[in-house]
Amino acid sequence: MVKRALLSVSDKTGIVDFARGLESLDIQIISTGGTARILRDSGIEVMDVSDVTGFPEMMGGRVKTLHPRIHGGILSIRDDHDHMGEAQKAEVEMIDLVVVNLYPFEITVSKEGVLLDEAIENIDIGGPAMLRSAAKNYRYVSVVCDPDDYGHILKEIRSTGVVSPKTREVLAVKAFRHTADYDATIDTYLSKELLGEEVLRLSYKDGVTLRYGENWHQAAKFYKEDDVTGPSLANATQLHGKELSYNNYIDADNALQTVKELSCSNAAVAIVKHNNPCGLATGDTLLQALGAAWDGDPISAYGSIICTNTVFDLQAAEFLNGKFIEIILAPGFEPDALEYLKNKSANLRLLELPELNEPFEVENTYKFVIGGILEQSRNVGIYDKWDCVTETPYPEDLRAVSEFAMHACKCVKSNAVTLAFEYADGCYMMLSMGAGQPNRVDSIRKLAATKARENLKVMYDREITDMSYEEYCNEVFAKCVMASDAFFPFDDSVVHAEENGIMYILSPGGSIRDQEVIDTANRLGVSLVFTGMRHFLH
Ligand code: 93A
């Protein structure tokens with residue numbers, strides 16, 4: 001039975017209605033100064049804590065509830081003879097329900113220019129003590145620290161006269177979590193203020209269990225951040241398909257970041273496989289961008305993840321007929337496209353993320369290594385400078401496609417090179433890329449150049465043209481740019497690019513052999529721009 005409740009809240013939201021409900025159930029209410037006042041003003045009968053303790057609230061409110069008549073009433077084990085005897089002797093009456101929320105420390109310290117004294121005054125001591133007492137004694141006491149729980153608690157007491165054991169357990173864990181978070185916030189603030197130390201706190205709760213990890217024999221979970229805003233998979237609504245797998249999260253996140261990297265006013269499409277964009281393009285329509293992205297690597301696109309900045313329409317959906325796709329992530333889906341895609345496959349995951357085109361709010365990225373965590377600021381920007389370092393000038397009209405190629409390069413694992421060209425007026429596509437090689441020249445020679453020829457073969461076979469395949473390749477390569485995520489340590493990368501007819505190259509520069517690379521570029525008539533900004537991605 002709930003007979004006596006102690007209410008002491010800083011956030012007064014919903015407290016009057018809750019107290020009125022308790023009063024209607026004949027539950028006696030004890031309260032601290034400000035809470036008592038607001039309840040009384042609403043015509044609710046309240047007993048002051050000071051009448052229970054026999055002490056006035058003192059030290060400017062620092063000591064209000066820190067008293068054996070309060071904590072004894074919360075902590076006594078009801079069926080322990082000694083506890084109850086001691087309680088009776090000391091005139092301690094039982095408290096069955098504790099409703100507390102704490103001084104707003106986090107809000108206080110997030111205010112600009114807050115003074116240490118104000119912050120310290122907002123460290124709640126009595127509140128957490130009561131929450132912890134009640135949570136410890138959850139077998140007998142119910143503890144409420146969140147106004148969102150008032151409604152269902154009241155309902156439960158009204159219908160059964162008690163708060164169920166299960167509910168008390170849930171509330172107790174919630175209270176301990178709340179005080180733990182509260183103390184962590186104080187620690188973070190005071191570590192900085194008093195000791196000049198930065199504390200990294202990662203507080204992820206309620207992980208969702210995934211079917212398996214990267215492989216079937218690995219267990220896995222996804223932990224969502226609290227209150228995530230902006231473009232994040234955590235905010236996406238799944239409209240259709242199987243639940244997301246561990247690898248889906250990684251690849252869809254890469255696809256999202258790649259599309260956003262372009263910050264493109266045209267339609268943009270990224271196709272991701274194994275944490276690398278294998279297709280990337282912009283277009284005047286979604287269908288056009290999707291087709292060009294697909295041409296960037298039609299083989300790897302099998303079983304891929306597609307992300308676009310554009311609402312998915314029926315034409316784009318129909319393009320995917322007969323093609324196996326894991327996920328489509330888009331800011332929205334036209335109703336007919338949604339219908340079509342749902343019928344296409346029961347497994348295809350359709351993720352709607354209306355915030356997709358909003359700016360990222362995250363400032364840092366984190367990576368776990370065994371025994372540690374690495375933090376770095378997000379990689380923002382593409383170049384610091386635009387220095388053509390060769391005798392052959394770099395045509396200004398290749399600037400936009402070059403930027404596209406470097407944006408693409410930023411999202412490909414190092415050593416990364418990308419080849420890109422303007423396939424239609426103002427529309428760009430990644431013709432191929434070389435990813436993840438431990439040496440740069442393999443990324444060019446063995447991957448990007450080879451794949452480009454394979455991709456061009458597919459495009460050539462589809463096209464009606466008088467040109468030979470070799471002429472077709474030469475024509476595309478002549479307008480192609482190559483971006484490299486880091487400097488060329490030797491001149492061999494430039495040699496291999498030129499062998500394939502690629503005459504426009506951008507790289508951060510900065511190697512001790514830069515001059516050798518420039519000399520070779522001059523000898524071969526290649527035009528080379530140094531950008532001053534490296535884009536390793538590991
Ligand atoms: O200053 S305290 O740490 N000392 C206490 O003994 C105490 N008891 C309750 N703060 C204390 N409280 C807090 O007062 C509660 O956690 C609650 O946030 C606040 C409610 O005060 P009032 O009812 O006067 O608005």
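One-based numbering, in listed order, for ligands and for the atoms of each.
Put simply, the side chain of Thr282 gets close to the backbone of Tyr428: a donor and an acceptor are under 3.5 Å apart. A distance-only check finds no donor-acceptor pair linking the side chain of Asp313 to the backbone of Glu334 [under 3.5 Å]. Between the Asn275 side chain and the Asn254 main chain, no donor and acceptor come within less than 3.5 Å of each other. With Arg168 contributing its side chain and Val141 its backbone, the two residues share no donor-acceptor pair below 3.5 Å. Put simply, the side chain of Glu261 never gets that close to the backbone of Cys411: no donor and acceptor are under 3.5 Å apart. In this structure, the side chain of Lys260 engages the main chain of Leu356 through a donor-acceptor pair within 3.5 Å. Side-chain N or O atoms of Arg4 include one that pairs as donor or acceptor with a backbone N or O of Met94 at under 3.5 Å.
For atom 25 (O) of ligand 1, the nearest non-hydrogen atom of the protein is Lys12 NZ, 2.7 Å. Looking at atom 10 (N) of ligand 1, its nearest protein heavy atom turns out to be Tyr103 OH, 3.1 Å. Regarding atom 20 (C) of ligand 1, its nearest protein heavy-atom neighbour is Ser8 OG, 3.4 Å. Here the protein heavy atom with the shortest distance to atom 4 (N) of ligand 1 is Arg62 O, 2.6 Å.
Within the set Thr32, Ile70, Asn101, Val49, the minimum heavy-atom distance to atom 17 (C) of ligand 1 is found for Asn101. For atom 8 (N) of ligand 1, the candidate residues are Thr65, Leu6, Leu7, Leu66; the nearest heavy-atom contact is made by Thr65. When the heavy-atom distances from atom 14 (O) of ligand 1 to Met58, Glu121, Lys64 are ranked, the shortest goes to Lys64. Taking each of Leu102, Asp124, Thr53 in turn, the one with a heavy atom nearest to atom 16 (O) of ligand 1 proves to be Asp124.
Checked by distance only, ligand 1 and Ile125 come closer than 3.5 Å through their nitrogen or oxygen atoms. Residue-to-ligand polar distances place Gly34 within reach of ligand 1: an N/O pair is separated by less than 3.5 Å. Any N or O atom pair closer than 3.5 Å counts here, and Ile123 shares no such pair with ligand 1. The shortest N/O to N/O separation between Glu57 and ligand 1 does not fall below 3.5 Å. The distance criterion of under 3.5 Å between nitrogen or oxygen atoms is not met by Met130 with respect to ligand 1.
With salt bridges taken as basic N to acidic carboxylate O contacts below 4.0 Å, none links Glu363 and Arg378. Between Arg177 and Asp146, none of the side-chain N atoms (NZ, or NE/NH1/NH2) sits under 4.0 Å from a carboxylate O, so this pair counts as no salt bridge. By the 4.0 Å N-to-carboxylate-O rule, Arg139 lies too far from Asp79 to be salt-bridged with it.
Within the structure, the closest approach of Arg37 to ligand 1 does not fall below 4.0 Å when heavy atoms are considered.
Using a 4.0 Å cut-off between heavy atoms, Val100 contacts ligand 1 through its side chain alone, with no backbone atom that close.
Taking every heavy atom of Gly127 and a limit of under 4.0 angstrom, the matching atoms of ligand 1 come to 11 (C), 12 (N), 16 (O). Every atom of ligand 1 with a heavy atom of Thr35 under 4.0 Å away is listed here by number and element: 22 (P), 23 (O), 25 (O). Less than 4.0 angstrom separates some heavy atom of Gly61 from each of these atoms of ligand 1: 1 (O), 2 (S), 4 (N).
Using cut-offs of 30° and 60° on the angle between ring planes, the pair Tyr204 and Tyr223 is perpendicular.
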